[in-house]
Amino acid sequence: MIQLIRGFKDILPEEIMLWQHIEIQASVLLENFGFREIRIPVMERTELFARSIGEDTDIVEKEMYTFPDRKGELITLRPEATASVVRAYIQHRMYNPDPVQKLYTIGPMFRRERPQKGRYRQFYQIDAEVFGVESPLIDAQMIHMLTTLFSRLNITDCTAHINSLGCPACRPEFKAALMQKLTDRMDRLCEDCQRRSVKNPLRVMDCKVPSCREALTDIPSLLNYLCPDCKIHFETVRSQLDTLQVKHEIDRHLVRGLDYYTRTAFEIQTGLLGAQSAVVGGGRYDGLVKALGGPDIPGIGFAIGFDRLAELASRSMPGIAKKPNLFIAALGNAAQLKAFEWVSQLAVSGIQAEMDMSNRSLKSQMRQADRLGSSRVLIVGEQELENQSAILRDMTDKTQISLPFEGLVEKLHSILNSLG
RNA sequence: GUGGGUGUAGCUCAGUCGGCAGAGCACCGGGUUGUGGCCCCGGUUGUCGAGGGUUCAAUCCCCUUCACUCACCCCA
């Protein structure tokens, strides 16, 4: 048997109802907030990701599906969506005439990591980006939008964490101070942190190894190093979250892995997904559009882990199944042909009807109807053919009425529609 | 990339200290020659994850490999 690729998965029909539900809730909400959908390709030139995500990140260094196409050009299966959305924004000059654009997209991403709970090599994200808004109000609005989505999906046990990463004006100073501490304490840091100290010192702050945390209890807080502009920005985000009554925590350890983030960084975290605590990650990236060759326009965005969100949502919303409106049980060939006709006509008119095509006993057809959850069964056999009228059984209260063949489909249509 | 756990029927899992492969659920049929759920009776289902080795004999022991799973790393 040929099995699917490691870390990939099928989303089966039983799960799809939930996925569609989430997708609808998310897109309705996003559109109410002024976002428009954009669809972008799943592959891009490798260079796009290398330049936007950062050469030294784990994603670019070892997690991307990169290969040469037939002409030898390096292309990559997208590991995230932001880079592509920014590319599209620039390429189609969407900033002209109005730099403000709110875009969202839903689709699969690919990273070649070792799979585990809540982590797949092909996974789905709901991604939203806002370009051209420098105001911190948009930061607060996006976080508010997310918590609203979560509550609409009946997801609790999640917390919004926020932090500020500063900007090119103030981060270097902080980085220098941090490096100083790290160098002093190098011998007390774990191996990973020693490596990180050089490559990406900010990441040392969210190390979970107890000895590292202990060694660094007195590291400087980035929040104390923020320049006046960043400080005001962050405080406005906080106060507006309070205004909107969005519960959130300041998390000084929150550092996003991708190079392009500036100022506000946020995550929505849960304790219900094993080691994968982040369900949403996002933040501001004021320099990215310019870095990718566009005008100097600020941006902010987030990515929701769809698989993780679905996992959480399924706990409060188990098993939504689609049931047929009607099952037609037919006995004998002539009756079966009648049923066949009716099923097709009903389907065309918007009613989901089911039938058995293998000419089984009435008992087994009734059993099948029951299993499918059909609330009504139309029975047609030799007697009914003689009388030219079929029996409609209500499976809940077991009552049966007789319906003449003449005008049957119309009649069923009105009966079943009035049931809702 | 590193480490732990698990692979037996469609599903959940027993089992054999090496000797013909099991249960529950599900499915199919019957009890009711044309009426579902509950009940009763009967039936189908397996390369015992794959390959190799040891053995008279391997699902069981050994090696290899693949997959799943959890954790580290990292992230959604």
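Below, chains carry the letters A, B, ... as their sequence lines are ordered, and counting in each starts from 1. Below, all heavy atoms of this structure are taken into account, side chains as well, without hydrogens, waters or symmetry copies.
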Upstream residue (5' side of RNA chain B) when Arg119(A) and Arg6(A) are each assigned their closest nucleotide |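 Result: Arg6(A).
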Nearest-nucleotide 5' precedence on RNA chain B, Pro115(A) against Gly118(A) | Pro115(A)
Would you kindly say whether Gln122(A) and Tyr124(A) are connected by a side-chain donor-acceptor distance under 3.5 Å?
-> yes
For the atom pair CG (Leu372(A)) and CD (Gln352(A)), what is the distance rounded to the nearest 0.5 Å?
-> 8.5 Å
Find the distance between CE (Met142(A)) and CD (Glu129(A)) and round it off to the nearest 0.5 Å.
->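 With rounding to 0.5 Å, CE (Met142(A)) is 7.0 Å from CD (Glu129(A)).
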Check the interface with nucleotides 2-5 of chain B: list each N/O to N/O pair with the protein under 3.5 Å, or write none.
{"residue": "U2(B)", "atom": "O4", "partner": "Arg114(A)", "partner atom": "NH1", "Å": "2.6"}
{"residue": "G3(B)", "atom": "O6", "partner": "Arg114(A)", "partner atom": "NH2", "Å": "3.4"}

Span that lies between the P atom of C62(B) and that of U55(B), in whole angstrom | 16 Å
Taking the six-membered ring for Trp, does Phe123(A) stack with A76(B) (centroid gap under 5.5 Å, planes within less than 30°)?
-> yes
Taking only side-chain nitrogens and oxygens of Gln116(A), does any of them come within less than 4.0 Å of OP1 or OP2 of U69(B)?
-> no
Contact under 4.0 Å: Arg360(A) side-chain N or O vs C28(B) OP1/OP2 |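 Looking at the OP1 and OP2 atoms of C28(B), one of them is under 4.0 Å from a side-chain N or O of Arg360(A).
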Parallel, tilted or perpendicular: which describes the rings of Tyr65(A) and Phe8(A), with under 30° parallel and over 60° perpendicular?
->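 Answer is perpendicular, since the angle exceeds 60°.
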Heavy atoms under 4.0 Å, any strand shown: does Phe327(A) hit a base, just sugar-phosphate, or nothing?
->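 No contact at all - Phe327(A) keeps every heavy atom at 4.0 Å or more from the nucleic acid.
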B/S/- along nucleotides 31-40 of chain B (protein heavy atoms under 4.0 Å) is B--BBBB---
Starting at atom CD of Gln276(A), determine the distance to atom C1' of A71(B), rounded to an integer number of angstrom.
->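 Value for this atom pair: 10 Å.
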